[in-house]
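The structure appears right after this line, and notes come after that.
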Amino acid sequence: MKLFIDGDTQTGQSTEWVHDPSTGEKLQEVPLASTEQVDQAVAAARKAFPGWADTSPADRARALLKLADRLEENAAELADLEARNVGKPKFLADFELPFIADNLRFFAGAARCLEGRSAGEYTAGRTSWIRREPIGVIAQIAPWNYPLMMAGWKIGPALAAGNTVVLKPSEMTPLTTFRLAELAADLFPAGVFNVVNGHGATVGAHLCQHKEVDMVSLTGDVGTGKEVARAASQSLKRVHLELGGKAPVIIYDDADLDLVVETVKFAGYMNTGQDCTAACRIYAQAGIHDRLVERLSAAIDSMVVGEPNLENCEMGPLISQRQRERVQGFLERAKAHKHLEFLAGKQKLNPNGFFLPPTIVTGARHEDEMVQKEVFGPVITITRFSDEAQALQWANGVDYGLSASVWTRDLDKAMRATKYLHFGCVWVNDHGTLVSEMPHGGFKHSGYGKDMSSYALDDYTDAKHVMVRLGALG
Ligand code: NAD
């Protein structure tokens, strides 16, 4: 495993071990970049920028299409590496790979459809048009929950638009990103795509302050987003932030309960609840509430929890001991509140891995810490409601605004909810389904800027107005 700088691999200035979350044991020794190596990567990206920006969209598309092919050709190995590094069930890692390839292919196509929105004569004797220009050198900082998918979501639009990239994976989960760099090595000119690994406080912070970086894109925690925005403001860099979430799930009496239970079981505990769109904050109408609690609690009891390759594994461990303690902290503090009831799956879990059982907290009140804050673990709260307006108000009443879902057979209710809910994505009778053509991104503290879709290309380009005085050109 090596850093990838200026078209070549490098060992790090130092190394550290990443751990297997299922066993707590050492998994792989990985390189950490020094400040000088980060500077080298940024300098290489700066040097490569004019040439890459000048390539045709067809050439950039070709490179991205080849990268998508290579990911597919190596999907089994990548999925295995990802599953072991993150501790996610193998089926989930297998499911992610084709989506990452699809996303790169989308941007390969979208690169060729970039257009200015207008051209014409808007005042006498002048013709204007719009050019869409790449921004320059982009620092991209990824989280640990979907390491390769987040890397793909980031580099796709950035490279398609003609930018050059320095990508930093999370220090806990860099393995598939190192492999991505190997697979991409001969597809892009030297310096166009660089990978530096390291901690947020060192490598990440240095990238955010770097004078030669034009834009920072972060997927991570809200607190990290604020730090990144603060650091980037010193040199007025563009900032693209995909941050946390606390998705409300509003379930009306007339909802299809089978569909609700099946979907919430998946979308609430997928990736051990370490998912920014996790279906974690349920508001259930009085007439369906008790049946939902009963069905969901049976569903979590039947879940297969264990290491990634366990047969039919549905849920793995948390990423680290620290993350497990964080989630346990939420549960401990909540236990002081008598109005809450806790239902936990009865699975036997390896005490050496960072496991917690799937858990439901019923009787939750809107003001409870667990309802207001992102837990990022296998915990779902359920709050009963009678009044529709109250439920919608509660749903909006958190700092986050990434995604929400509403469950009903009544079109009027669904329409009212989709208009009123203040989130970057609202699903009706679904939760968690994403497609490359549609934007993913938050409102409020969930950040700004979009991943996927042509909206991401807007974020990774600038609009330039060109005006020509007619009759003066020779
Ligand atoms: P995190 O904020 O701890 O780390 C994310 C990345 O930022 C890591 O690479 C880390 O090294 C780096 N970092 C940390 N401090 C930094 C600093 N001061 N300057 C620069 N970089 C720094 O987040 P995490 O724990 O890895 O991921 C979980 C969070 O990510 C959750 O809040 C989750 O909701 C969010 N997330 C959001 C989306 C989305 O699309 N909105 C997707 C996935 C995850």
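Order of listing sets the numbers, starting from 1, for every ligand and every atom in it. The model shown is predicted, which means the values in this text are computed figures rather than measured ones. In this chain, residues are counted from 1 in sequence order.
- Residue, atom and distance of the protein heavy atom nearest to atom 12 (C) of ligand 1 are Ile141 CG2, 3.5 Å.
- Taking a 6.0 Å sphere around CZ of Phe91, one finds it holds more than 12 heavy atoms contributed by other residues, nucleotides or ligands.
- Taking the six-membered ring for Trp and the full ring otherwise, the centers of Phe188 and Trp52 sit less than 6.0 Å from each other.
- Counting protein heavy atoms only, atom 18 (N) of ligand 1 is closest to Glu227 OE1, 2.9 Å.
- Residue Asp275 has no nitrogen or oxygen atom sitting less than 3.5 Å from a nitrogen or oxygen atom of ligand 1, judged on distance alone.
- Using a 4.0 Å cutoff on heavy atoms, Gly442 does not count as a contact of ligand 1.
- The residue among Thr202, Asn197, Val203, Asn145 with a heavy atom at the shortest distance from atom 44 (C) of ligand 1 is Asn145.
- At least one heavy atom of Pro169 lies less than 4.0 angstrom from ligand 1.
- Distance from atom 28 (C) of ligand 1 to its nearest protein heavy atom, with residue and atom name: Phe376 CE2, 3.4 Å.
- From the protein, the heavy atom lying nearest to atom 24 (P) of ligand 1 is Trp144 NE1, 3.2 Å.
- Both the sub-6.0 Å distance and the 45° axial angle are satisfied by Lys335 relative to the ring of Phe342.
- When Ala142, Gly220, Ala139, Gly200 are checked for heavy-atom proximity to atom 6 (C) of ligand 1, Ala142 turns out nearest.
- Each of the following atoms of ligand 1 lies closer than 4.0 Å to a heavy atom of Leu243: 34 (O), 35 (C), 36 (N), 37 (C), 38 (C), 39 (C), 41 (N).
- For the residue pair Glu36 and Gln40, no side-chain donor N or O sits within less than 3.5 Å of a side-chain acceptor on the partner.
- In summary, the side chains of Ser235 and Lys211 do not present any donor paired with an acceptor at a separation below 3.5 Å, with no hydrogens or angles considered.
- Short contacts between ligand 1 and Val228, defined as distances under 4.0 Å to a heavy atom of the residue, involve ligand atoms 19 (N), 20 (C).
- Arg179 has a carboxylate O that lies under 4.0 Å from a charged side-chain N of Glu182, or vice versa, which qualifies the two as a salt bridge.
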